[in-house]
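Below you'll find the structure, written out as structure tokens, and then a few comments.
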Amino acid sequence: MDPFHFMLKKQYSLLFLTLVMICITRIVFASEVKTSLGLIPSPDIPGIPKEGNDYSKLLAYSLYFYEAQRSGILPSDNRVTWRHNSALDDGKDKSVDLTGVSDYVKFTLTLSWTLSIVSWGAIEWFEGYQLSNQTQYLYDMIKWGTDWLIKAHPKPDQLFIQVGSSTLDNKFWGPDTNIPYPRPSTDVNSTAHGTDVAAETAAAFASSAILFRDFYNDTAYANKLLSHATSIYTFAESLNLTLSSTVLSNGIYGYSTSEYYDKLIYGAIWLYRATYQSQYLDKAIKYYNIYNNMSYSLREMSWDDQIGACYILLSQIYSGKSNPNSTFWRNVTENYLDYLISNNTGSSCNFTSGGLFWCSDDSKQDSIPVSLYSAFGYLMYSSYATTTEKANKYRNFVTSQINYLFGANPMKMFYVVAVHPNSPKNPHHAGAHGGTNVENLFDPPETKYPLYGAIVGGPSMNDSYLDLRNDIIQSEVALDYNAAFQGIMAYYVIDTYVPTSPSSPNEPINPINPVRIVVSTFQKQKIIIIAVSCSVFFLLLILSAVLYKYKRSKDDQKKPSDIEERKLKKLKDLEEIIPKEPGNLEENNMKELTALDDNLEKNPAELSNLEENKEKGPKDLEENNLKESNNLEENNPKESNDLEENDLKEPSELEENNQKIPNDFEENNLKESNEHGKNNLKEPTDLEENNLKESNSLEKNNLKEPSDLEENNQKIPSDLKENNQKIPSDINESNQKDSSSLEENNQKEQNDLAENNQKIPRNLEENNLKESNGLGESNQKDPGDLGESNQTILNVLEENNQKQSNGIEENNQKKQSDIENNNKEKRSDLEENNK
């Protein structure tokens with residue numbers, strides 16, 4: 001029976017198939033991210049979902065956080081009640097309008113990085129914003145930043161990179177209504193160059209232009225952004241390449257970067273994606289080759305080092321299988337990604353004991369943002385990985401970092417402000433705190449205004465987080481901290497989306513390009529997997545039923561003939577296993593051998609019993625012979641056959657031989673005693689020649705010693721049949737040989753008669769003693785009363801021989817009958833066992 005049919009015949013086969021189906025669907029849903037994160041109820045703020053997917057709420061919270069950073073003249077739909085119009089004189093010191101954007105000190109470098117990362121995430125996972133009804137908030141958030149960048153780039157060769165003084169800012173703690181002055185404006189230009197920040201700004205302009213053009217259909221605004229992008233990039237690579245930190249005077253320090261080639265690559269790539277002009281891709285490759293020859297150490301992607309982001313972007317550009325550069329850039333990117341999370345001794349990054357991705361000095365300043373930037377890059381590239389194994393590896397890394405962010409850490413902290421019971425309570429944010437005492441940031445102790453959605457700096461390397469407002473590293477919040485987080489949340493919205501009822505008409509929707517979708521791409525994939533699994537399950541079920549029915553019908557057709565064939569085959573096997581003749585029992589039935597071995601072990605006891613019977617005299621001989629005959633069937637049938645052969649003599653020959661017995665008996669016994677000490681004594685009716693023949697036969701059958709009985713017993717059944725068949729012919733042959741022997745030995749016997757008669761009593765006694773010791777091999781011979789005369793011995797022997805002849809013949813018949821009955825019983829038993 002084939003294994004499949006065997007399985008189908010099992011009682012629980014349908015249950016097995018059902019369990020397989022359940023496992024498939026469980027695996028599909030097990031790969032999903034949890035949609036319930038235990039967030040606190042949403043506040044009564046427009047645009048913050050009160051129900052539904054928690055990732056949609058977090059995405060909305062993050063966009064709300066960016067609104068809480070706004071400066072300048074706020075729009076009428078401002079949702080942050082504690083934020084006001086502020087810093088309205090920014091830029092006047094340089095006769096430009098630099099009002100707007102956010103924060104107390106404005107940094108073009110980090111703002112541009114933030115806008116490019118948020119735009120990149122929106123381009124890749126815009127569907128998440130749609131599903132969360134956050135497209136309009138995203139539009140406003142990006143445009144609030146790019147509007148200010150346009151102001152900061154008033155001339156092709158001028159870019160304002162900072163407004164405000166970090167030294168002065170750190171001495172103020174209070175609301176945005178009392179921001180202190182002076183607030184100096186710092187720029188880079190044709191005489192004070194800043195390659196890094198200019199190239200970064202070009203990337204912000206180009207990436208946001210793609211978003212406005214392709215997703216919001218705002219072509220006019222997108223073209224305006226592209227114009228600034230190409231202009232500022234031309235400025236970035238002109239003149240002498242210089243870091244912007246060189247133009248910052250004492251007391252106006254801000255963000256400074258390590259190198260600028262990575263920014264030039266980053267800006268060129270985004271310009272190529274926005275314009276599809278090959279010159280920008282060529283520039284990106286050119287600067288990459290320069291960068292690659294300088295042997296910079298690999299770091300995680302951030303506003304300071306963007307080479308990792310460049311690898312991923314180039315892999316996306318060359319993602320077509322037909323493109324010869326596809327393999328190269330994928331290998332470069334995967335080498336970079338694998339290196340960072342390999343825990344290699346040469347890598348600057350590893351993991352804390354709690355599982356947070358930690359990169360040496362960078363993570364000491366802001367550990368959670370470093371983790372999120374990296375997670376963003378791994379998630380962005382995972383769809384382009386060369387193997388499924390690598391894709392899963394990268395996604396698993398992302399999951400581990402997001403889980404850490406959401407409470408799977410030693411502190412059980414949920415590192416997003418004001419959204420969870422375990423969220424940080426004391427972010428370092430003057431406007432949200434509500435206090436004015438810069439000397440005591442715990443006055444008041446509680447944060448007055450919830451800073452919903454802000455990402456804090458995060459824990460130390462030992463995973464500890466103190467949640468202290470005056471800890472500017474752990475409790476700090478910033479624009480760039482939320483950039484990667486927002487993109488990841490958009491992805492998670494798609495990943496966990498479940499269709500619900502239509503959105504409320506009051507929720508804001510992009511008026512230019514309103515898009516309503518019913519099912520996300522990832523959700524479609526899951527639906528397809530489940531549908532295919534269900535189809536396979538039912539097909540297997542139908543196929544199994546058809547095959548089972550077909551097999552049953554075939555079995556029913558073959559059943560009569562198969563039964564007959566099986567019966568005949570079994571009978572044939574039984575005939576081979578159980579022979580019809582006793583002579584084959586040894587070969588086919590090990591049970592017979594075991595029984596014979598057991599009987600062999602019993603021989604010493606039987607010999608002892610026969611020795612006792614010898615003392616009882618001639619009157620008990622008949623009874624002893626009958627017992628011995630029964631024992632001979634299992635122990636020594638060969639010797640029983642010899643008795644039968646020797647005793648079945650013609651009455652006339654027996655009478656003649658009996659007259660010569662004393663002489664022959666003595667002579668033969670003496671001769672046998674000398675020449676064949678190990679052979680058994682023969683019957684008085686055996687002649688010298690016959691005794692020699694029998695002695696040779698005994699040698700061939702290994703019956704010389706009691707130790708040979710085991711081998712002889714194995715031959716018993718075959719020998720018994722053979723001897724029984726040969727008895728008549730052997731008798732005639734023996735009689736002829738006896739007559740010849742009698743004539744040859746007659747003269748010698750007459751001469752030695754007198755001497756033998758004197759020795760008979762003594763020799764008989766000695767021979768009887770030897771016979772009693774050798775009864776395990778041969779039949780006990782005539783142990784008469786040694787004290788009587790030779791004539792009496794002869795008479796007794798004649799009478800006993802006659803009785804032996806009659807008894808052995810009966811015993812042979814009985815043995816034959818018993819063997820046949822025994823064989824029938826064994827055949828019956830084996831048939832039952834075979835069945």
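Side chains included, hydrogens not; waters and symmetry mates left out as well; all remaining heavy atoms used. In what follows, residues are counted from 1 in the order of the sequence shown.
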Taking the six-membered ring for Trp, are [X] and [Y] parallel (under 30°), tilted (30 to 60°) or perpendicular (over 60°)?
X	Y	value
Y452	Y61	parallel
Y373	W113	perpendicular
Y296	Y291	parallel
Y261	Y287	tilted

**OP:** Identify the residue among Q486, Q136, Q134 that makes a side-chain hydrogen bond (donor to acceptor under 3.5 Å, both in side chains) with Y129.
**Re:**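 Among Q486, Q136, Q134, the one meeting side-chain hydrogen bond (donor to acceptor under 3.5 Å, both in side chains) with Y129 is Q486.
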
Report yes if the side chains of [X] and [Y] come closer than 4.5 Å at any heavy-atom pair, otherwise no.
X	Y	answer
R70	P75	yes
F172	V438	no
S132	Y137	no
V456	M413	no
W270	I210	yes
D187	V96	no
I368	L356	yes
S116	Y266	yes

Over all atoms of both residues, closest heavy-atom pair of [X] and [Y]:
X	Y	value
F235	P156	CB-O, 3.4 Å
L149	A204	CD1-CB, 3.9 Å
Y404	P459	OH-CG, 3.5 Å
V417	P427	CG1-CG, 4.0 Å
Q162	T108	N-OG1, 4.1 Å
L239	S190	CD1-O, 3.2 Å

Run the salt bridge (charged side-chain N to carboxylate O under 4.0 Å, His left out) test against [X] and tell me which residues pass, sequence neighbours left out.
X	result
D169	none
K448	none
R79	E67

Original post:
Run the side chain to side chain contact (heavy atoms under 4.5 Å, CB included) check on S119 and I142 step by step: do they pass?
Top reply: CA-CA 8 Å; S119 296; I142 296 293; 3.8 Å; yes

Show me the pairs that pass salt bridge (charged side-chain N to carboxylate O under 4.0 Å, His left out) and involve [range], at least two apart or across chains.
range	answer
residues 423-435	none
residues 224-249	E237-K283
residues 108-126	none
residues 175-185	R83-D176, D90-R183

Original post:
Should D262 and T257 be marked as a side chain to side chain contact (heavy atoms under 4.5 Å, CB included) after you check the CA-CA gap, both sets of side-chain angles, and the distance that decides it?
Top reply: CA-CA 11 Å; D262 59 320; T257 64; over 6 Å; no

Subject >> Set of residues satisfying ring pair (Phe, Tyr, Trp, His ring centres under 6.0 Å) with respect to F376, sequence neighbours excluded >> reply: W120, W125

Subject >> ring pair (Phe, Tyr, Trp, His ring centres under 6.0 Å) partners for F357, two or more places apart >> reply: F351, F397

Subject >> Residues forming a side chain to side chain contact (heavy atoms under 4.5 Å, CB included) with S244, sequence neighbours excluded >> reply: I161, V188, D196, V197

Original post:
side chain to side chain contact (heavy atoms under 4.5 Å, CB included) with T219: which residues, sequence neighbours excluded?
Top reply: N217, N223

Original post:
Listed by chain and number, what are the side chain to side chain donor-acceptor pair (under 3.5 Å) partners of T275, not counting sequence neighbours?
Top reply: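 If we apply the side chain to side chain donor-acceptor pair (under 3.5 Å) test to T275, skipping adjacent residues, there are no hits.
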
Original post:
Out of curiosity, L59 CG to N53 CG, how far, rounded to the nearest 0.5 Å?
Top reply: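 With rounding to 0.5 Å, CG (L59) is 10.0 Å from CG (N53).
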
Original post:
Taking atom SG of C359 and atom CD of E300, what is their separation to the nearest 0.5 Å?
Top reply: 4.0 Å

Original post:
If you count the non-hydrogen atoms of other residues, nucleotides and ligands that lie under 6.0 Å from NZ in K50, is the total more than 12?
Top reply: yes

Original post:
Should the heavy atoms of other residues, nucleotides or ligands under 6.0 Å from CD1 of I73 be counted, would the total exceed 12?
Top reply: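 No, CD1 of I73 has 12 or fewer neighbouring heavy atoms, counting only those of other groups under 6.0 Å.
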
Subject >> Centroid separation Y280 to Y272 less than 6.0 Å >> reply: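 Ring centroids of Y280 and Y272 are no less than 6.0 Å from each other.
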
Original post:
Looking at H428 versus W173, is the centre-to-centre ring distance below 6.0 Å?
Top reply: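 Ring centroids of H428 and W173 are less than 6.0 Å from each other.
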
Original post:
Only one of Y491, Y492, Y497 clears ring pair (Phe, Tyr, Trp, His ring centres under 6.0 Å) with Y55; which?
Top reply: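 It is Y492, the one option of Y491, Y492, Y497 that forms the ring pair (Phe, Tyr, Trp, His ring centres under 6.0 Å) with Y55.
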
Subject >> ring-ring contact (aromatic ring centres under 6.0 Å, His included) evaluation trace for Y394 with Y384 >> reply: CA-CA 11 Å; Y394 300 150; Y384 301 89; over 10 Å; no

**OP:** Take K94 and T186, measure what side chain to side chain contact (heavy atoms under 4.5 Å, CB included) needs, and give me the verdict at the end.
**Re:** CA-CA 9 Å; K94 295 292 180 73; T186 304; over 6 Å; no

Subject >> Single hit among L340, I117, V370 for side-chain contact (heavy atoms from CB on, under 4.5 Å) with M301 >> reply: I117

Original post:
Honestly, is K143 close enough over Y221, meaning NZ or CZ under 6.0 Å from the six-membered ring centre and within 45° of the axis?
Top reply: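 The answer is yes; both the distance and angle limits are met.
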
